[in-house]
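To keep things clear, I will list the structure first and then write my remarks on it.
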Amino acid sequence: MKIVYAYPAEKGRGVEAEIVGGLRDRCGHVVQTAREERDAERGGAVDVIVTLELDDSQRDTALNRLRAHPAVIDAAAESFGERV
């Protein structure tokens with residue numbers, strides 16, 4: 001299953017390592033498969049959109065952990081709809 005999440009680029013790439021490490025500890029096998037920088041919807045900043053792949057049975061756990069992370073703007077299963 002794919003999960004995407006977004007965070008502000010100014011937070012730095014350490015966010016990605018922290019998130020993947022935490023999810024691996026909690027959910028097992030997690031792989032980051034894509035990373036894209038995009039202009040933020042507001043304010044002239046840049047957001048980073050990251051795609052992760054993990055076991056379907058861990059979807060809700062992973063989404064809840066991502067949404068609770070202080071650097072994460074949003075997280076969704078598969079895509080953000082028309083933003084992707």
Side-chain angles (χ1 to χ4, degrees):
M1 130 142 299
K2 291 183 182 180
I3 289 181
V4 294
Y5 71 92
Y7 71 91
E10 71 260 9
K11 297 289 186 182
R13 288 192 77 151
V15 168
E16 295 168 44
E18 178 185 330
I19 286 174
V20 168
L23 288 176
R24 282 183 181 147
D25 289 345
R26 180 77 170 155
C27 301
H29 183 72
V30 177
V31 177
Q32 181 171 318
T33 58
R35 180 187 192 276
E36 179 182 348
E37 291 189 10
R38 297 186 187 172
D39 291 336
E41 290 187 355
R42 296 184 204 105
V46 175
D47 291 339
V48 178
I49 311 298
V50 178
T51 303
L52 303 173
E53 290 209 19
L54 61 143
D55 184 34
D56 287 349
S57 66
Q58 298 297 323
R59 183 187 82 166
D60 291 337
T61 300
L63 283 172
N64 289 336
R65 288 185 63 89
L66 285 167
R67 289 175 179 152
H69 192 284
V72 172
I73 298 167
D74 197 6
E78 302 295 328
S79 75
F80 290 124
E82 60 273 344
R83 281 193 67 190
V84 172

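Not measured: the values here are computed from a predicted model.
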| query | Can you list the other members of the hydrophobic cluster that holds Val31, where links are side-chain heavy atoms under 4.5 angstrom apart? | reply | none
| Do Leu23 and Leu54 have side-chain heavy atoms sitting under 4.5 Å apart? | no
| remark: When every non-hydrogen atom of Lys11 is compared with those of Ala71, the smallest separation belongs to CG-CB, 4.3 Å
| Which residues satisfy the side-chain contact (heavy atoms from CB on, under 4.5 Å) test with Ala9, sequence neighbours excluded? | Val46, Val48
| request: Drop me the distance from Asp47's CG to Arg38's CZ, to the nearest 0.5 angstrom. | output: 9.5 Å
| field | Sub-4.5 Å side-chain heavy-atom contact between Ile19 and His69 | value | yes
| Spatial distance of atom CG (Leu66) from atom CG (Asp74) [nearest 0.5 Å] | 10.0 Å
| task | Applying side chain to side chain donor-acceptor pair (under 3.5 Å), name anything that partners Asp55, two or more places apart in sequence or on another chain. | result | Ser57
| Side-chain heavy atoms under 4.5 angstrom apart, residues restricted to Ile, Leu, Val, Met, Phe, Trp, Tyr: same cluster for Val72 and Val4? | no
| message | Grouping I, L, V, M, F, W and Y whenever their side-chain heavy atoms are under 4.5 Å apart, do Val30 and Tyr5 come out in a common cluster? | response | yes
| Taking C-beta and beyond as the side chain, do Thr51 and Ile3 meet within less than 4.5 Å on heavy atoms? | no
| field | Selection residues 18-35 - residue pairs positive for salt bridge (charged side-chain N to carboxylate O under 4.0 Å, His left out), sequence neighbours left out | value | Glu16-Arg35, Arg35-Glu37
| field | side-chain contact (heavy atoms from CB on, under 4.5 Å) against Ala77, all qualifying residues, sequence neighbours excluded | value | Met1, Arg59, Leu63
| remark: CG of Asp60 to CZ of Arg65, rounded to nearest 0.5 Å, is 14.0 Å
| CD1/Ile49 to OG/Ser79 distance, rounded to the nearest 0.5 angstrom? | 11.0 Å
| Qualifying residues under side-chain contact (heavy atoms from CB on, under 4.5 Å), relative to Glu53, sequence neighbours excluded | Lys2, Thr33
